[in-house]
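Note that the coordinates shown come from a computational prediction; the quantities given were computed from them, not determined experimentally.
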Amino acid sequence: MRVGMGYDVHKLTEGRDLILGGVNIPWEKGLLGHSDADVLIHAVMDALLGAAALGDIGKHFPDTDPAYKGISSVKLLLHVTELLKQNGYSIGNIDATIIAQKPKMAPHIAQMRKNMAEAMQIPEDCLNIKATTEEGLGFTGRGEGIAAQAICLLI
C-alpha cells in the first residue's frame, strides 16, 4: 500500500469557464491555467502520481507543451490512470477537498464524482469529494482563487 497527497491552486479570472471535477460550473469567473485549470483533478493526479513515485503533473504534462493547451483534465486523468496500471498499482480510495469561497459546490459534487470515478475506472464510493470555504480569509476567502487537496491510497 502507498499513500499520496496532492495540492493545486489556480487564480480566478474573467473570460474562462469554471471547470472542477470535469463539470462546467456556471459562474462569473473561471480558473486561469494552461489546460482547463481543473484544480480538483490536478490535486488528485498529483496525489496518485506521488503515491506511485512517478513525479507530478508538471513532469508529465508541462505547461510549456502546446499539446496540453486548453486540454480537458479528465483526459489527463485517464492518462495517469493508465500509468498507474502500467506500474502495477490500483486505486484503493481518494479523499479530496475543494477550497473555495464561491460558488457553492454541493450541487455539483455528485457529477464530479461520477466523471472522475469513470475516468479512473473505480467505483464512486472509492472517491470522496467535499468542499469548504475559508470564512473570507486568505486568497480563496477573498475570491482570488480556488484550491484543492487530495489524498489517495494505492494498492
remark   = One should read off an interatomic distance between R16 CZ and L18 CG, to the nearest 0.5 angstrom, of 10.5 Å
Same cluster or not: are [X] and [Y] linked, directly or through other Ile, Leu, Val, Met, Phe, Trp or Tyr residues, by side-chain heavy atoms under 4.5 angstrom apart?
X	Y	value
L54	I41	yes
V74	I19	no
L78	L76	no
M1	V3	yes
V44	I109	yes

Side-chain donor or acceptor of [X] paired with backbone N/O of [Y] under 3.5 Å:
X	Y	result
R113	N128	no
R2	A52	no
D65	A67	yes
H42	D8	no
Q101	T133	no
D95	I151	no
D38	G21	yes

inquiry  = I'd like to know whether NZ of K130 has more than 12 heavy-atom contacts from other residues, nucleotides or ligands below 6.0 angstrom.
reply    =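 Counting neighbours around NZ of K130, more than 12 heavy atoms of other residues, nucleotides or ligands fall under 6.0 Å, so yes.
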query = Does CD belonging to E28 count more than 12 external heavy atoms closer than 6.0 Å?
reply = yes
task = I would like to know whether I129 and I98 meet side-chain contact (heavy atoms from CB on, under 4.5 Å); could you show each step before the answer?
result = CA-CA 8 Å; I129 300 171; I98 302 165; 4.0 Å; yes
ask   = Who else is in the cluster with F139 when I, L, V, M, F, W and Y are joined by side-chain contacts under 4.5 Å?
value =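 Direct or chained contacts put F139 with M5, Y7, V9.
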ask   = Any side-chain heavy-atom pair from M116 and L77 closer than 4.5 angstrom?
value =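 In short, these two side chains touch, coming nearer than 4.5 Å.
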ask   = Between F61 and S35, is any pair of side-chain heavy atoms under 4.5 Å apart?
value = no
Closest non-hydrogen atom pair between [X] and [Y], with its separation:
X	Y	answer
A43	A148	CB-O, 3.5 Å
K102	W27	CB-CZ2, 3.6 Å
L127	M120	CD2-CE, 4.1 Å
T81	A119	OG1-O, 3.7 Å
D46	G6	CB-CA, 4.0 Å
L40	L20	N-CD2, 4.2 Å

request  = Dump the intermediate steps for side-chain contact (heavy atoms from CB on, under 4.5 Å) on L31 and T13, then the final yes or no.
outcome  = CA-CA 6 Å; L31 294 169; T13 188; over 6 Å; no
ask   = P123: what forms a side-chain contact (heavy atoms from CB on, under 4.5 Å) with it, not counting sequence neighbours?
value = D125, C126
query = Partners of V23 by side-chain contact (heavy atoms from CB on, under 4.5 Å), sequence neighbours excluded?
reply = I25, H108, Q111, M112, N115
ask   = So, T140 and E134: side-chain donor and acceptor under 3.5 Å apart, yes or no?
value =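 Side chains of T140 and E134: pair found under 3.5 Å.
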